[in-house]
Amino acid sequence: MDSTVNVITLGVRSLGASLAFYADGLGWAPKLHVPEEVAFFQVGHGLLLSLFRLDHLAAEAGGGGPGNPQLFTLAHNVDSPAAVDAVLHEAAAAGGTIVATGTQMSWGGYSGYFADPDGFRWEVCYNPGLKVEPDGTVSIVEIA
């Protein structure tokens, strides 16, 4: 199997509320929206974020759903600590919940977290050791 991820799917309780958060609140443009079913957003080179109705995802993927004890986060890397704070503010204004304010991290970066309407955690991070090349190749080095 190739080490490739093309779609990250989040099972959401209300597709309308999640679509409002990501599209209307954060300004992301859906690549495809099937009302009452699924919405797709391009979030990177060859990478889609899918918002799929939780009940349909549970039926399709064999269970799961809210209350699952596994912690799951998504990360959004930005180019400065000020950008971390700006994105956290934007997410809160869109209806998200700040769960950890921007903080200088022991490893040399700066990071904070928000939760979307379904509670999915997004890390907003400035990591000076992480670089994405134009071809999508990622390099990451320890900075602290």
Side-chain angles (χ1 to χ4, degrees), residues 1-33 37-58 60-144:
M1 179 175 160
D2 290 335
S3 58
T4 303
V5 175
N6 298 105
V7 180
I8 297 169
T9 300
L10 304 179
V12 299
R13 293 179 302 241
S14 168
L15 183 59
S18 292
L19 189 63
F21 177 77
Y22 288 98
D24 301 334
L26 297 182
W28 296 8
K31 294 300 260 182
L32 175 67
H33 172 218
E37 186 66 27
V38 67
F40 293 92
F41 299 88
Q42 185 162 0
V43 295
H45 184 84
L47 181 61
L48 294 171
L49 176 69
S50 168
L51 307 175
F52 195 25
R53 276 187 44 179
L54 181 59
D55 57 337
H56 290 193
L57 181 59
E60 184 175 300
N68 187 333
Q70 294 175 319
L71 181 61
F72 177 79
T73 65
L74 300 164
H76 176 69
N77 290 297
V78 295
D79 61 4
S80 70
V84 170
D85 292 334
V87 170
L88 291 172
H89 176 76
E90 182 180 5
T97 303
I98 304 301
V99 295
T101 59
T103 302
Q104 185 66 43
M105 306 305 286
S106 62
W107 50 267
Y110 186 85
S111 177
Y113 288 82
F114 71 86
D116 77 357
D118 282 278
F120 290 108
R121 300 302 206 259
W122 281 84
E123 177 188 23
V124 184
C125 182
Y126 165 64
N127 181 344
L130 185 139
K131 182 177 180 185
V132 180
E133 302 296 337
D135 70 355
T137 301
V138 175
S139 62
I140 187 165
V141 296
E142 189 174 345
I143 56 174

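In what follows, residues are counted from 1 in the order of the sequence shown. Please read all numbers here as calculations on a predicted model, not as lab measurements.
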Rounded to the nearest 0.5 Å, what separation is found between the CG atom of Leu48 and the OG1 atom of Thr9? 9.0 Å
Working for side chain to side chain contact (heavy atoms under 4.5 Å, CB included), residues Phe21 and Asp118: CA-CA 10 Å; Phe21 177 77; Asp118 282 278; over 6 Å; no
Looking at Val78, is its backbone amide N or carbonyl O close enough to the side chain of Ser80 to form a donor-acceptor pair, meaning the two atoms are under 3.5 Å apart? no
Glu123 and Thr73 side chains, donor-acceptor separation under 3.5 Å: no
Given Leu10, which of Leu51, Leu54, Leu57 fulfils the side chain to side chain contact (heavy atoms under 4.5 Å, CB included) condition? Leu51
Distance-only side-chain donor-acceptor flag, Ser18 / Asp116, under 3.5 Å: no
For Val132 and Val138: C-alpha separation, side-chain torsions, deciding distance, then whether side chain to side chain contact (heavy atoms under 4.5 Å, CB included) applies. CA-CA 5 Å; Val132 180; Val138 175; 4.1 Å; yes
Spacing of OH belonging to Tyr126 relative to CG belonging to Asp79, to within rounding of 0.5 Å: 8.0 Å
Determine whether a donor-acceptor pair (N or O, by modelled atom type, separation under 3.5 Å) exists between the side chain of Gln42 and the backbone of Gly44. yes
Tell me if a side-chain donor or acceptor on Asp135 pairs with a main-chain N or O of Thr137 at a distance below 3.5 Å. yes
Between Leu26 and Ala91 the two heavy atoms that sit nearest each other are CD2-CA, 3.9 Å
Phe114 and side chain to side chain contact (heavy atoms under 4.5 Å, CB included): which single residue from Thr101, Thr97, Val99, Val124 fits? Val124
Do side-chain atoms of Asn127 reach the backbone of Gly109 as a donor and acceptor pair under 3.5 angstrom? no
